[in-house]
Q: 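Quick one: this structure, given as structure tokens, is what I'll be asking you about.
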Amino acid sequence: MAELTLRGVEKRFGAVEAVRALDLDIADGEFIVLVGPSGCGKSTLLRVIAGLEEISGGDILLDGRSLNAVAPRDRDMAMVFQDYALYPHMTVAENLGFALKMRDVPGQEIERNVTEVARMLELDMLLHRKPRALSGGQRQRVALGRALIRNPKIFLFDEPLSNLDAKLRVGMRMEIRKLQVSLKTTSIYVTHDQIEAMTMADRIVVLRHGEVQQIGTPIEIYQRPVNSFVGTFIGSPPMSLLPASLRADEEGASLDFGEGQQIRLPKERARALERAGVANVEVGLRAEHISIDAEPSGANDGAVFASDIVLVEEHGADSIAVVRLGSREAMARVKPGAAHTGETARRFRVDVGALHLFHPETGASLV
Ligand SMILES: Nc1ncnc2c1ncn2[C@@H]1O[C@H](COP(=O)(O)OP(=O)(O)O)[C@@H](O)[C@H]1O
Ligand SMILES: [Mg+2]
């Protein structure tokens with residue numbers, strides 16, 4: 001069992017509030033990803049949980065017991081860092097076995113554990129090498145193995161894949177997740193990479209300026225961002241944000257993007273905006289919210305706009321077309337070969353039921 005509870009956790013460095021009034025309940029066996037831009041307090045929060053930084057306020061509880069007065073080495077957590085932090089003068093086997101040796105575990109048992117972990121991480125053939133004779137990916141495996149061998153209650157990861165090349169990162173993120181699924185060890189994983197957050201997390205915690213913006217499953221965060229920060233931070237290609245003014249009429253309302261381009265909103269959405277009492281909104285459009293109009297010669301039912309195609313990016317399975325809506329650009333996800341850079345006056349359809357509407361000043365979602 002390893003349930004972690006954070007209650008009003010704060011961490012200040014002088015005048016810098018690195019973590020502010022943070023509440024979080026992590027279930028036993030859960031894989032939680034803390035994500036946010038550089039400097040938002042991710043590492044600080046992880047270090048506070050590990051006990052490497054003293055807490056400035058609040059409580060951290062492991063299975064209901066306060067950790068505030070518990071020394072880092074007694075918290076039964078193992079941390080994996082971005083820079084691996086291996087002992088350069090020790091072999092892979094010695095690096096792996098070091099934590100057990102410090103605990104006076106008998107030699108034979110250490111050897112058995114090292115063999116087992118090396119097999120799990122495919123390090124069997126490298127046990128006698130020193131870290132300098134390993135590739136970046138192999139070093140990261142050893143760092144992972146050092147955490148695994150301790151069989152801790154909680155794994156803490158601080159951007160463990162950031163030093164690896166893109167291809168290796170994709171492979172390693174799956175391996176880490178597969179290992180965690182089989183071990184069922186409660187894990188907290190820090191990254192600035194929203195794709196890692198989306199692909200790895202049971203639940204994502206989005207942080208900004210030391211504050212939680214949203215906590216939810218990857219799908220919840222992607223489909224129902226609470227504000228424009230979360231909406232634009234999560235997702236690839238990024239959500240386009242376009243200012244629009246509201247034009248109310250008898251049947252409902254339209255979004256006016258300027259330059260003669262308008263999109264009609266369904267009744268319920270128009271009503272939600274009326275309740276919010278705003279005259280302008282930020283419209284959040286994901287690439288899949290804009291498609292090529294299937295009936296290019298048909299009448300405009302209000303969800304269609306015309307645009308030149310500024311650029312097409314091929315992604316293989318689909319293409320991203322950059323289009324103009326009002327004075328801004330937005331991205332549309334289209335079939336490969338369906339759009340070409342430089343084409344003029346193509347018709348696009350907006351998914352008016354799915355697009356996001358945000359408050360123009362606060363950025364809060366208006367739904
Ligand atoms: N030891 C420290 N002393 C002073 N300020 C710090 C210290 N560690 C972190 N900070 C500040 O706290 C904020 C959060 O930092 P950090 O947790 O490292 O961010 P992240 O890991 O999300 O990039 C930053 O403004 C950083 O400058
Ligand atoms: Mg950091």
Side-chain angles (χ1 to χ4, degrees), residues 4-24 26 31-60 67-68 71-73 75 77-86 136 139-140 143-144 146-147 154-166 168-169 172-173 176 186-216 218 221 225-236 238 363:
L4 200 67
T5 310
L6 279 62
R7 285 281 168 271
V9 168
E10 312 218 327
K11 178 63 191 175
R12 288 182 291 275
F13 297 104
V16 178
E17 293 183 81
V19 178
R20 302 183 204 193
L22 194 140
D23 293 315
L24 179 61
I26 302 176
F31 196 101
I32 290 282
V33 176
L34 308 177
V35 70
S38 177
C40 73
K42 306 179 295 291
S43 295
T44 302
L45 180 56
L46 207 64
R47 291 170 60 78
V48 165
I49 292 169
L52 303 173
E53 298 280 0
E54 210 171 310
I55 199 166
S56 309
D59 273 313
I60 300 177
L67 286 179
N68 292 10
R73 77 176 110 72
R75 292 192 182 196
M77 301 180 184
M79 193 146 163
V80 182
F81 300 92
Q82 175 176 349
D83 61 4
Y84 321 134
L86 302 180
R139 282 179 211 172
Q140 190 53 55
L144 203 57
R146 280 200 321 189
I154 297 187
F155 286 127
L156 304 174
F157 300 94
D158 193 353
E159 311 235 11
L161 306 184
S162 295
N163 286 356
L164 304 179
D165 66 58
L168 214 46
R169 275 209 302 272
M172 280 296 280
R173 82 180 182 221
I176 290 177
T186 308
S187 301
I188 309 173
Y189 187 104
V190 159
T191 181
H192 66 275
D193 178 351
Q194 59 86 20
I195 297 182
E196 265 175 35
M198 284 294 290
T199 51
M200 297 179 81
D202 287 323
R203 281 190 305 154
I204 296 175
V205 179
V206 184
L207 290 171
R208 183 193 196 189
H209 303 321
E211 282 178 328
V212 171
Q213 303 291 299
Q214 191 168 4
I215 302 174
I221 300 255
V226 295
N227 57 33
S228 55
F229 172 79
V230 175
T232 52
F233 190 76
I234 301 282
S236 168

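Each ligand, and each atom within it, is numbered from 1 in the order the structure gives.
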Q: According to side-chain contact (heavy atoms from CB on, under 4.5 Å), who are the partners of Arg203, at least two apart in sequence or on a separate chain?
A: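 Expected list: Glu30, Ile32, Ile215, Thr217.
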
Q: Going by a strict under-4.0 Å cutoff (protein heavy atoms only), does atom 22 (O) of ligand 1 have a neighbour on the protein?
A: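 Under the 4.0 Å cut-off, atom 22 (O) of ligand 1 does have protein heavy-atom neighbours.
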
Q: To the nearest 0.5 Å, what is the distance between CG (Leu52) and OG1 (Thr44)?
A: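 Reported to 0.5 Å precision, the distance equals 11.0 Å.
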
Q: Return the residue, atom name and 0.1 Å-rounded distance of the protein heavy atom closest to atom 26 (C) of ligand 1.
A: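 Among all protein heavy atoms, the one nearest atom 26 (C) of ligand 1 is Val16 CG1, 5.0 Å.
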
Q: Students should be able to answer this: which protein heavy-atom is nearest to atom 14 (C) of ligand 1, and at what distance?
A: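 For atom 14 (C) of ligand 1, the nearest protein heavy atom is Gly39 O, 3.5 Å.
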
Q: Nearest protein heavy-atom contact for atom 12 (O) of ligand 1: which residue, which atom, what distance?
A: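 Sorting protein heavy atoms by distance from atom 12 (O) of ligand 1 puts Ala18 CB, 3.4 Å first.
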
Q: Got a sec, which residues hit side-chain contact (heavy atoms from CB on, under 4.5 Å) with Asp158, two or more places apart in sequence or on another chain?
A: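 If we apply the side-chain contact (heavy atoms from CB on, under 4.5 Å) test to Asp158, skipping adjacent residues, the hits are Ser43, Leu46, Met79, Val190.
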
Q: Could you identify the single nearest non-hydrogen protein atom to atom 18 (O) of ligand 1 and state the distance to 0.1 Å?
A: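 The closest heavy atom on the protein side is Ser43 CB, 3.9 Å.
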
Q: Nearest 0.5 Å, what's the SG-CD distance between Cys40 and Glu211?
A: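 Rounded to the nearest 0.5 Å, the SG-CD separation comes out at 11.0 Å.
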
Q: Has ligand 1 got any nitrogen or oxygen that is less than 3.5 angstrom from a nitrogen or oxygen of Cys40?
A: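 So ligand 1 has an N or O lying under 3.5 Å from an N or O of Cys40.
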
Q: For Gln140 and Val80, which heavy atoms make the closest approach, and how far apart are they?
A: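 Scanning both residues completely, I find the closest heavy atoms to be NE2-CG1, 3.3 Å.
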
Q: Does Ser38 have a heavy atom less than 4.0 Å from any atom of ligand 1?
A: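 A heavy atom of Ser38 does come that close to ligand 1.
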
Q: Which of the numbered atoms in ligand 1 are below 4.0 angstrom from a heavy atom of Thr44?
A: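 Under 4.0 Å from Thr44, ligand 1 has these atoms: 9 (C), 14 (C), 15 (O), 16 (P), 17 (O).
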
Q: For the CZ atom of Arg146 and the CZ atom of Phe81, what is their distance to the nearest 0.5 Å?
A: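 Nearest 0.5 Å value for the CZ-CZ distance: 9.0 Å.
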
Q: Looking at residues at least two apart in the chain, or sitting in another chain, which of them share a side-chain contact (heavy atoms from CB on, under 4.5 Å) with Asn163?
A: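 Partners of Asn163 under the side-chain contact (heavy atoms from CB on, under 4.5 Å) test: Gln82, Tyr84.
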
Q: Could you say whether the N/O atoms of Phe13 and ligand 1 ever approach to under 3.5 Å?
A: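 N/O-N/O distance below 3.5 Å does not exist for this pair.
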
Q: Could you tell me the separation between the CD1 atom of Ile234 and the CD atom of Gln213, rounded to the nearest 0.5 Å?
A: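 If we round to the nearest 0.5 Å, Ile234:CD1 and Gln213:CD are 11.0 Å apart.
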
Q: Describe, in one word, how the ring planes of Phe229 and Phe233 are oriented to each other, choosing from parallel (under 30°), tilted (30 to 60°) and perpendicular (over 60°).
A: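 Parallel, since the angle between the ring planes stays under 30°.
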
Q: Give me the protein N, O or S atoms that fall under 2.8 Å of the Mg ion (ligand 2), sorted by chain and residue number.
A: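 Counting only protein N, O or S atoms under 2.8 Å from the Mg ion (ligand 2), the list reads Ser43 OG.
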
Q: Indicate the atoms forming the closest heavy-atom contact of Thr191 with Lys42, along with that distance.
A: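 Reported closest heavy-atom pair: O-CD, 3.4 Å.
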
